[in-house]
Amino acid sequence: PRGVVTIPVVVHILWNAAAQNIEDAQIHRQLDVLNADFRARNADLRLVPAVWQDRVGDARIEFALATADPTGSPTTGITRTRTGVRSFGANDAVKSARGGGADAWPADRYLNIWVCQLGGGLLGYAQFPGGPPETDGVVLLHSATGLGGTATSPFDLGRTATHEVGHWLNLRHIWGDDGEGCSGSDFVADTPNQAGPNTGRPGWPLLSCGNGPDGDMFMNYMDYTDDAAMCLYTKGQVERMDACLAGPRSTLLN
Ligand code: ARG
Ligand code: ZN
Ligand code: CA
C-alpha cells in the first residue's frame with residue numbers, strides 16, 4: 001500500500017448571524033479530528049467491540065489547511081464571507097458567490113469544505129467523486145463542526161466532517177441506502193449487512209437482517225449515530241478510499 005498522504009483543505013466560512021463566523025480554533029480542532037480519525041488514532045477506538053478490533057483501518061490520509069491559494073499567494077486556508085442568506089439547503093447555493101456562498105477553489109487541488117447555517121436538520125452533505133468540480137467538496141453545519149465554539153451536542157466531536165469526507169472519498173452509508181431493507185449494499189466486504197440507519201448511542205449487539213451474533217456495526221462513521229458513538233472505518237472501507245485516491249481523486253496528491 002502507498003504511504004501516508006496529505007490532502008490540502010480550504011474551509012469557506014459563510015456567515016449571516018455573527019455567531020456563524022466561527023473562530024479559527026474551532027476549524028483547527030476539526031482538522032485535528034479528521035487527522036485522528038483517518039489515521040485510526042482517535043482515543044475512542046476502544047469502543048469497537050473486541051470481535052471487530054482487527055477490522056479497524058488506518059486510511060493513511062492526513063488533512064492540512066492550504067498554505068497557498070489558487071494563485072500561489074500565502075493563505076490561512078480559511079476564507080470568511082458575509083452572506084445575506086440566513087440558512088442554506090442542500091441545493092449547493094453555498095458553493096457559489098452567485099448563490100450567496102463562496103466559489104470553490106480548484107477541486108483537483110483542494111478539498112473544499114463550506115461551513116454555514118443549514119436548514120432542515122441537515123448536519124452536512126457531500127459530493128461523491130466524479131461530479132462537477134464547481135460543486136465538489138463537503139458542506140458542514142457550523143454547529144456540527146469541530147469541537148468547542150458553536151459545536152452543539154450530540155454532534156460536537158467533529159464526526160460530521162469525518163462522515164462527509166468519507167462520502168467524498170466514495171464511501172456509502174453502512175446500511176446500503178435501501179431504506180430499512182436487507183438488499184442494499186455499501187460495497188464493502190467487512191461491514192455487516194444492516195437494515196437501516198441507527199441513531200443515538202445504541203447498545204451492542206444490535207441485530208438486523210439476520211446479522212447475529214455481532215449485529216450492526218453502528219459505531220462505524222458511515223452510520224447515523226451520535227458523534228460520541230462512532231469511532232471507526234474498516235480495512236474494507238479504506239480499500240475503497242484508496243481506490244478513489246488512486247483514481248478519480250489522484251490529482252489531490254500532486
Ligand atoms: N449527512 C448526515 C446528516 O446530515 C450526517 C450525519 C453525521 N453524523 C454524525 N454523528 N455527526 O444527517
Ligand atoms: Zn451520509
Ligand atoms: Ca440495508
Side-chain angles (χ1 to χ4, degrees), residues 26 29-34 36-38 42 44 47-48 87-92 94-95 113-129 131 135-202 206-212 214-234 237 240-241 244:
Q26 191 175 339
R29 288 189 289 266
Q30 176 63 76
L31 269 284
D32 292 344
V33 171
L34 286 172
D37 290 352
F38 282 83
N42 45 305
D44 51 3
L47 295 179
V48 178
S87 181
F88 288 95
N91 64 357
D92 290 338
V94 71
K95 300 175 180 176
I113 300 182
W114 290 268
V115 176
C116 61
Q117 183 63 271
L118 284 173
L122 194 60
L123 299 172
Y125 69 99
Q127 183 170 299
F128 285 97
T135 50
D136 194 49
V138 164
V139 180
L140 302 175
L141 172 66
H142 70 88
S143 55
T145 299
L147 287 74
T150 65
T152 304
S153 177
F155 304 111
D156 56 345
L157 297 178
R159 260 66 193 261
T160 301
T162 302
H163 175 106
E164 302 304 343
V165 173
H167 285 311
W168 181 81
L169 290 168
N170 210 27
L171 295 187
R172 305 301 181 100
H173 289 134
I174 193 167
W175 66 90
D177 292 305
D178 58 345
E180 295 282 333
C182 295
S183 60
S185 176
D186 62 357
F187 308 106
V188 172
D190 62 0
T191 55
N193 188 27
Q194 168 177 325
N198 293 299
T199 56
R201 300 187 66 167
L206 180 67
L207 276 52
S208 71
C209 297
N211 63 11
D214 302 332
D216 294 0
M217 190 184 273
F218 57 78
M219 70 296 302
N220 192 282
Y221 295 126
M222 297 317 286
D223 207 332
Y224 267 2
T225 42
D226 287 351
D227 280 16
M230 49 173 57
C231 62
L232 88 150
Y233 282 129
T234 66
Q237 288 173 314
R240 263 182 87 80
M241 294 193 267
C244 176

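The chain is numbered in sequence order, starting from 1. When a ligand or atom number is given, it counts from 1 through the structure's own listing order.
- Nearest to atom 1 (N) of ligand 1 among the protein's heavy atoms is E164 OE2, 2.7 Å.
- At least one N, O or S atom of G181, from either the backbone or the side chain, sits less than 3.0 Å from the Ca ion (ligand 3).
- Contact of the T225 side chain with the M219 side chain is not registered, since no non-hydrogen atoms from C-beta on lie closer than 4.5 Å.
- The atoms of ligand 1 that sit less than 4.0 Å from any heavy atom of D226 are 10 (N).
- A salt bridge is absent between D177 and R172; no separation between the charged side-chain nitrogens and carboxylate oxygens falls under 4.0 Å.
- The proximity of Y125 to ligand 1, defined as any non-hydrogen pair under 4.0 Å, does not occur for either the backbone or the side chain.
- Annotation: side chain of F38 is in contact with side chain of T162 (closest heavy-atom distance under 4.5 Å).
- Ligand-side atoms of ligand 1 in range of R159: 11 (N), range being under 4.0 angstrom from any heavy atom.
- Between H163 and H173, the two ring planes are tilted [angle within 30° to 60°].
- At a cut-off of 3.0 Å, Q194 is counted among the residues with an N, O or S atom near the Ca ion (ligand 3).
- Residue H173 approaches the Zn ion (ligand 2) most closely through its N/O/S atom NE2.
- For the pair L232/M217, a side-chain contact is recorded, criterion being any heavy-atom separation below 4.5 Å from C-beta on.
- Annotation: atom 10 (N) of ligand 1 to nearest protein heavy atom, T225 O, 2.6 Å.
- Distances below 4.0 Å separate heavy atoms of F155 from the following atoms of ligand 1: 9 (C), 10 (N), 11 (N).
- D223 has its side chain within reach of Q194: a pair of non-hydrogen atoms, C-beta onward, lies under 4.5 Å apart.
- Using a 4.5 Å heavy-atom threshold, the side chains of E180 and P197 count as touching.
- The closest approach of D178 to the Ca ion (ligand 3), by N/O/S atoms, is made by OD1.
- Of all N, O or S atoms in H163, the one lying closest to the Zn ion (ligand 2) is NE2.
- The nearest N/O/S atom of H167 to the Zn ion (ligand 2) is NE2.
- Looking at ligand 1, you won't find any N or O of H163 less than 3.5 Å from one of its N or O atoms.
- The Ca ion (ligand 3) has W175 among its coordinating residues (N/O/S atom, backbone or side chain, under 3.0 Å).
- Within the 4.5 Å cutoff, no side-chain heavy atoms of R240 are placed close to those of D186.
- Inclusion of L123 in the set of residues having an N or O under 3.5 Å from an N or O of ligand 1 is warranted.
- Between Y233 and L171, some side-chain heavy-atom pair lies under the 4.5 Å cut-off.
- Environment of CZ in R29: crowded, with over 12 heavy atoms of neighbouring residues, nucleotides or ligands closer than 6.0 Å.
- Nearest protein neighbour of atom 9 (C) of ligand 1, counting heavy atoms only, is D227 OD1, 3.2 Å.
- At a cut-off of 3.0 Å, A195 is counted among the residues with an N, O or S atom near the Ca ion (ligand 3).
- Residue-ligand proximity: G124 is placed with a non-hydrogen atom under 4.0 Å from ligand 1.
- The closest side-chain donor-acceptor pair between Q30 and T145, if any, does not fall under 3.5 angstrom.
- The T160 neighbourhood of ligand 1 comprises atoms 7 (C), 9 (C), 11 (N), with distances under 4.0 Å to a heavy atom of that residue.
- Close approach to M230 involves these atoms of ligand 1, each under 4.0 Å from a residue heavy atom: 10 (N).
- Contact annotation: the side chain of W114 never approaches that of D92 to less than 4.5 Å [non-hydrogen atoms, C-beta and beyond].
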